[in-house]
Amino acid sequence: MNQRITRRQLLQLASFAGLGALAAACGSSAPAEPRPQTTPQAPTESVEQPLTPAERPRAPVNLKEVPRNRTLIVNYGGAGGQFTNQGITNPWGLGFNHQEGNSLLWEPLFYYSVFADKEIPWLAESGTYNADYTELTIKMRPGAEWSDGVPVTSADVKYTLDTLITNDALNYHAQVAELVKEVQAPDERTVIIKFNKPSPRFKFEILSLKFDTGIPVLPKHVMEQMYDVVAMPGDDDMVHSGMFNTVQTSQQKVFDLREDWWGFKTGFQKKPDVERVLVIPISDMTTAAQRVVNNEVDATVDMRPSLIRSVVEQNPKVTTHTGRQEPFGYVDWWPNSFWVNTQLEPYSNPDVRWAINLAIDRDTLNRFAFNGVELTTPYPFPEYPALKPYLERVRGRAEALGVTRFSLEESAARMQRAGFTKDGEGFWVKDGKRVNATIHGFEVIHADIAPILEQMLRKAGFEAAINFGTDAFQNMVDGRPGLYLYGHGGSLIDPYATLELYHTRSSKPTQAGVGGSNRFSRYSNPKFDQIVDEMSVVPPGDPKLNALFEQAMDIYWTEMIDIPLIQWLHRIPYNTTYWTNWPTQENRYLNGAFWHHTFPLLVLNLKAAG
């Protein structure tokens with residue numbers, strides 16, 4: 001079934017959803033691959049063409065006056081200096097992007113702050129597993145309401161999870177459908193989730209919002225009226241539970257504080273100093289940097305080392321996670337690797353993958369790309385406190401295998417063992433074909449390291465080039481030839497989530513989309529699968545994970561499933577002219593990426609300057 005909304009259906013939605021602008025999503029994180037929706041069925045009526053953004057009715061925009069010192073302005077997202085997804089506020093809607101402010105509209109059962117290492121109950125007061133992790137009981141927070149005044153209850157949670165189970169067009173469908181046997185709502189405040197097998201990570205991985213993962217709770221009384229919850233854009237008047245309302249255009253997304261938000265009425269939270277959040281699209285990073293220097297915006301997307309250094313030097317009011325000192329940032333959850341399609345020759349040969357790994361001079365990368373800050377890593381995991389004990393257990397194995405060793409001689413030996421010889425121009429060739437070592441990445445975040453990596457690879461005999469084109473991400477999804485410079489976005493509190501990215505269930509034929517990001521390797525190994533499956537039923541922190549983790553990492557490194565490169569650093573400039581109490585290394589209540597799901601927690605903590 002086509003995922004679209006007709007003119008007639010749009011008019012039917014107008015009575016409760018409001019009418020704003022519609023367009024496709026565009027954000028700095030790669031979108032999940034759309035899948036055809038199979039349920040529920042569309043009504044049996046003639047099919048009409050969907051409305052274009054220009055055709056959709058617009059209500060006049062009348063915004064109240066809010067002083068600058070009560071307005072938080074962030075510069076993020078868009079395409080070519082404009083938003084193209086304005087008005088897509090339905091979290092299940094095609095093109096929805098939480099990163100451009102929509103996280104202020106939607107709430108989870110729980111938040112998680114990685115630097116505070118703290119679970120923060122939100123719409124839920126608590127969530128408790130039974131002894132064998134086959135059942136989870138959630139107690140809802142009393143007094144929570146939707147923006148139309150209808151209470152948020154266990155029925156909304158049940159509806160959200162039940163829909164994820166049955167609707168294969170939704171993100172998290174596969175995980176929820178696999179794990180959840182039944183959802184019960186015996187009363188308005190109680191949710192009982194029964195699992196098909198022990199699921200000790202369900203509350204954290206699925207029901208908790210953190211970074212870019214987890215699910216919000218959606219309003220049953222609104223969503224169940226829709227024949228197609230994916231086609232509905234939502235618009236500015238979408239019923240939501242968060243503490244802001246929104247008005248969105250192609251030039252700006254405005255989020256104004258709801259004085260009647262349930263959290264204020266119940267005393268759950270105090271009103272923040274921020275009365276308005278204004279999200280404006282990025283045209284280019286130079287302009288974004290200048291806006292911070294000029295005190296025009298309060299924060300923008302993370303910057304490369306030389307750029308943020310320039311911003312800090314030009315404006316004494318600008319600070320970062322590490323103040324006004326190097327490295328100007330914090331370790332994000334997104335360590336970068338060279339991913340390859342392990343089903344595609346020659347990348348299917350572990351010797352070739354190892355040869356590429358041995359061609360990387362990580363000391364030089366640290367020195368020239370990161371000004372001596374040691375960001376290279378042998379791990380596909382962020383070096384967070386909860387993960388460090390696991391990483392220490394296998395550090396010796398990484399050293400023994402030479403995971404981070406630079407050796408052109410060993411690289412050449414691996415290629416020769418794989419049957420390659422060098423041609424007249426010094427590039428590795430086999431059966432008349434060179435190794436396609438094109439680096440697919442993103443200029444806004446990889447412009448500092450990709451050229452250095454390209455030269456290292458060419459020196460080692462790999463025909464490397466850089467593709468920062470609009471097709472870069474799609475090439476990764478489709479498994480096209482080349483190297484994919486991309487992060488992981490997996491584990492935070494134990495190793496399972498990252499290792500699960502390499503499970504056979506993510507292995508699809510070349511040019512069959514992998515369904516979103518972070519599963520590009522298409523790796524398949526029954527022994528590895530067995531280890532990961534055993535880990536899945538062991539709760540985080542259980543000593544049983546240790547041996548399983550060691551076995552999995554031995555396979556990861558021996559096979560060189562992907563080629564680990566760097567810990568990712570978020571260098572976010574914070575302008576303190578109007579706003580203080582930004583999260584820093586001395587004030588670690590949150591990671592500072594306002595484009596993550598935890599943006600509401602940042603807004604609640606910011607203080608007006610002066």
Are H596 and S103 close enough that some pair of their side-chain heavy atoms sits under 4.5 Å apart?
no
_Beyond-backbone contact of W428 with Q416, side-chain heavy atoms, under 4.5 angstrom_ = yes
In T377, L485, I445, the residue satisfying side-chain contact (heavy atoms from CB on, under 4.5 Å) with N336 is L485
Q.
Measuring only between side-chain heavy atoms, which start at C-beta, is Q530 closer than 4.5 Å to E534?
A. yes
inquiry  = Applying side-chain contact (heavy atoms from CB on, under 4.5 Å) to D494 and V538, what does each step give before you reach the verdict?
reply    = CA-CA 10 Å; D494 82 290; V538 180; over 6 Å; no
Hey, mind stepping through N591 and H321 against side-chain hydrogen bond (donor to acceptor under 3.5 Å, both in side chains) and telling me if it holds?
CA-CA 9 Å; N591 64 302; H321 181 79; over 6 Å; no
| query | Taking the inter-plane angle between the rings of F549 and Y390 on a 0 to 90° scale, is it parallel (under 30°), tilted (30 to 60°) or perpendicular (over 60°)? | reply | perpendicular
Of all heavy-atom pairs linking H440 and N467, the shortest is ND1-ND2, 2.9 Å
Open item on the list: Given 3.5 Å as the limit, does a donor-acceptor pair link the side chain of Y556 with the main chain of Y379, or not?
Closed with: no
Practice item. Check the pair L453 / L565 against side-chain contact (heavy atoms from CB on, under 4.5 Å), numbers first and verdict last. Key: CA-CA 10 Å; L453 291 166; L565 293 172; 4.2 Å; yes
Inset, instruction - For the pair F599 and F594, name the ring-plane relationship: parallel under 30°, tilted 30 to 60°, perpendicular over 60°. - result: tilted
Flag if over 12 foreign heavy atoms under 6.0 Å of CD, Q585: yes
**Request:** Compare all side-chain heavy atoms of F442 with those of Y486 and state whether any distance is below 4.5 angstrom.
**Result:** yes
From CA spacing to verdict: side-chain contact (heavy atoms from CB on, under 4.5 Å), V301, I282
CA-CA 9 Å; V301 69; I282 286 178; 3.6 Å; yes
* Using the side-chain contact (heavy atoms from CB on, under 4.5 Å) rule, take I493 and Y384 through it: C-alpha gap first, then chi angles, then the decisive distance, then the call. => CA-CA 8 Å; I493 59 173; Y384 283 158; over 6 Å; no
So CZ of F83 and OH of Y76: to nearest 0.5 Å the spacing works out to 10.0 Å
When every non-hydrogen atom of A369 is compared with those of I452, the smallest separation belongs to CB-CD1, 3.8 Å
When every non-hydrogen atom of N75 is compared with those of P281, the smallest separation belongs to ND2-O, 3.1 Å
Does any part of the side chain of F468, heavy atoms only, come nearer than 4.5 Å to the side chain of V444, both counted from C-beta?
no
Scanning both residues in full, the closest heavy-atom pair of Y502 with S521 reads CD2-OG, 3.6 Å
Side chain to side chain, E178 and K197, heavy atoms closer than 4.5 Å
yes
Notebook entry, point to check: Is a donor on one side and an acceptor on the other found under 3.5 Å between the side chain of S337 and the backbone of P335?
Noted result: no
Q. Checking N341 side chain against G479 main chain: does a donor-acceptor pair fall under 3.5 Å?
A. yes
*asked:* A quick test of your reading: do over 12 heavy atoms of other residues, nucleotides or ligands sit less than 6.0 Å from CD of E374?
replied: no
(message) Please check: side-chain N/O of W333 versus main-chain N/O of L492, any donor-acceptor pairing under 3.5 Å?
(response) no
- Just wondering, are more than 12 heavy atoms of other shown residues or ligands nearer than 6.0 Å to NZ in K181? no
- Query: Taking D284 for the side chain and T286 for the main chain, is one N or O donor matched with an acceptor at less than 3.5 Å?
  - Reply: yes
message = I'd like to know if the side chain of W354 reaches the main chain of N349, judged simply by a donor and an acceptor atom lying under 3.5 Å from each other, with no hydrogens or angles considered.
response = no
message: With a 3.5 Å distance limit and no angle check, can you tell me whether N357 reaches the backbone of V403 through a side-chain donor-acceptor pair?
response: yes
CE of M456 to CZ of F406, rounded to nearest 0.5 Å, is 7.0 Å
* Asked: Would you find a donor on one side and an acceptor on the other, under 3.5 Å apart, between the side chain of N436 and the backbone of T438?
  -> yes
Exercise for review: Please lay out, stage by stage, how E100 and N85 fare under the test side-chain hydrogen bond (donor to acceptor under 3.5 Å, both in side chains).
Suggested key: CA-CA 10 Å; E100 295 168 354; N85 61 349; 3.1 Å; yes
Is the Lys NZ or Arg CZ of K203 less than 6.0 Å from the centre of Y129's six-membered ring, within 45° of the axis?
no
dist R309:CZ -> M303:CE (nearest 0.5 Å) comes out at 13.0 Å
| message | Between F195 and Y133, does the ring-ring contact (aromatic ring centres under 6.0 Å, His included) criterion hold? Intermediate values first, please. | response | CA-CA 8 Å; F195 300 110; Y133 294 94; 9.4 Å; no
For the aromatic rings, using the six-membered ring if either is Trp, is the centroid distance between W595 and H570 under 6.0 Å? yes
Any sub-3.5 Å donor-acceptor pair from D117's side-chain atoms to A386's backbone N or O? no
**Asked** Looking at F115, is R588 sitting on its ring face, NZ or CZ under 6.0 Å from the six-membered ring centre and within 45 degrees of the normal?
**Response** yes
Tightest non-hydrogen contact, residues I215 and L209, listed as N-CD2, 3.5 Å
- [ ] Indicate yes or no: at least one non-hydrogen side-chain atom of S506 is less than 4.5 angstrom from one of L501.
- [x] no
Side-chain (T504) to main-chain (S507) donor-acceptor, under 3.5 angstrom: no
### Query
Does a side-chain N-to-carboxylate-O contact under 4.0 Å join D212 and K210?
no
Over 60° means perpendicular and under 30° means parallel, so tell me whether F520 and F473 are parallel, tilted or perpendicular.
perpendicular
Rounding to 0.5 Å, atoms CG (L164) and CD1 (I206) come to a distance of 8.5 Å
message = Using a strict threshold of under 4.0 Å (side-chain N to carboxylate O), is an ion pair present between E345 and K430?
response = no
Residues I308 and P573: closest non-hydrogen pair is CD1-N, 3.9 Å
For a 4.5 angstrom cut-off between non-hydrogen side-chain atoms, does K459 reach D361? no
When rounded to the nearest 0.5 Å, the distance separating CD of E550 from CD1 of I555 is 12.5 Å
Task: Intermediate values then yes/no, side-chain hydrogen bond (donor to acceptor under 3.5 Å, both in side chains), N167 and H173 - done: CA-CA 7 Å; N167 192 328; H173 160 74; over 6 Å; no
In this structure, CZ of R201 is separated from CD of E500 (nearest 0.5 Å) by 10.5 Å
